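First up is the structure itself, then whatever we jot down about it.
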Amino acid sequence: CNAAVMPGWICLAAAPTWRHTRKLVFGGVCVNAVFYVVMFATTKFEMSVASLSSLQGIRELFQGADAPLHMAAWLHYLAFDLLVGLLEAEDGVKNGVPRAVVAPCLGLTLMAGPVGALSYGIARQLFASKIK
């Protein structure tokens with residue numbers, strides 16, 4: 001499943017304007033989405049609305065869950081982080097943020113989701129004044 005998203009990440013960092021980059025990104029997202037549905041459908045866990053409303057509830061949900069739910073959560077992160085990376089890369093191209101600045105943000109998004117998105121947001125603001 002990591003292998004499904006890595007071509008997209010590589011293209012976002014190295015070739016964001018290549019005509020096949022979006023296809024590879026969405027292909028990776030779709031592969032993970034299919035596996036997500038399968039994993040989520042085969043998991044055995046008890047979920048209530050209360051379990052999603054607090055950190056304690058989330059912890060209890062994952063502690064009582066089986067491996068398919070853990071895998072579904074991982075697939076969720078892989079897919080959504082890649083979509084955030086796509087937004088960063090396309091916005092960087094559109095607004096002239098240098099690829100050398102966007103690429104480390106993409107790496108952070110891959111490894112630490114929100115940290116990468118925040119770093120890109122900061123980088124974009126720093127370059128926005130130079131862009132316009």
Side-chain angles (χ1 to χ4, degrees):
C1 295
N2 283 344
V5 298
M6 289 314 294
W9 280 110
I10 292 167
C11 286
L12 289 176
T17 59
W18 183 44
R19 65 187 176 134
H20 298 295
T21 296
R22 285 185 125 241
K23 293 174 192 171
L24 285 168
V25 167
F26 284 114
V29 169
C30 289
V31 166
N32 280 321
V34 168
F35 281 109
Y36 173 86
V37 169
V38 171
M39 292 293 110
F40 198 79
T42 61
T43 192
K44 297 172 178 81
F45 69 99
E46 297 284 327
M47 187 169 98
S48 68
V49 175
S51 66
L52 299 177
S53 65
S54 69
L55 178 58
Q56 183 62 35
I58 297 292
R59 291 183 68 197
E60 289 171 6
L61 174 68
F62 280 102
Q63 287 172 349
D66 55 0
L69 181 64
H70 296 152
M71 183 64 161
W74 180 242
L75 294 166
H76 180 274
Y77 284 117
L78 289 173
F80 272 85
D81 286 353
L82 183 56
L83 290 173
V84 171
L86 177 64
L87 293 174
E88 292 171 11
E90 288 185 344
D91 185 78
V93 168
K94 177 182 172 189
N95 291 295
V97 180
R99 193 177 307 168
V101 173
V102 176
C105 298
L106 292 171
L108 284 170
T109 301
L110 170 62
M111 300 305 293
V115 175
L118 177 62
S119 68
Y120 177 75
I122 292 168
R124 186 182 191 280
Q125 289 305 311
L126 291 174
F127 280 89
S129 62
K130 297 175 184 168
I131 295 168
K132 296 180 180 178

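These numbers were taken from a predicted model, which means no experiment stands behind them.
Across L24 and C11, no two heavy atoms sit closer than the pair CD1-SG, 3.4 Å. The two residues L82 and V25 make their nearest non-hydrogen contact at CD2-O, 3.5 Å. Looking at every heavy atom in both residues, L12 comes nearest to L86 through CD1-N, 3.6 Å. The shortest non-hydrogen separation linking A117 to V84 is CB-CG1, 4.0 Å.
Side chains of T109 and D81: a donor-acceptor N/O pair is absent below 3.5 angstrom, by distance only.
Rounding to the nearest 0.5 Å places OG1 of T17 at 10.5 Å from CD of E90. Here the straight-line distance linking atom CE of M71 with atom CG of D66 works out to 13.0 Å at 0.5 Å rounding. Going from atom CG of L110 over to atom CD1 of I10 covers 10.0 Å, rounded to the nearest 0.5 Å. Taking CZ of F35 as the reference point, atom CG of L75 lies at 8.0 Å (rounded to 0.5 Å).
The aromatic rings of H20 and W18 stand perpendicular to each other, their planes meeting at an angle above 60°, with 30° marking the opposite boundary. In this pair, Y36 and H76 present their aromatic rings tilted. The plane angle is within the 30 to 60° band.
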Next on the checklist: Run R124 and E88 through salt bridge (charged side-chain N to carboxylate O under 4.0 Å, His left out) and show every step you take.
Outcome noted: CA-CA 9 Å; R124 186 182 191 280; E88 292 171 11; over 6 Å; no
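With a 4.5 Å cut-off on side-chain heavy atoms, Q56 and E60 count as touching.
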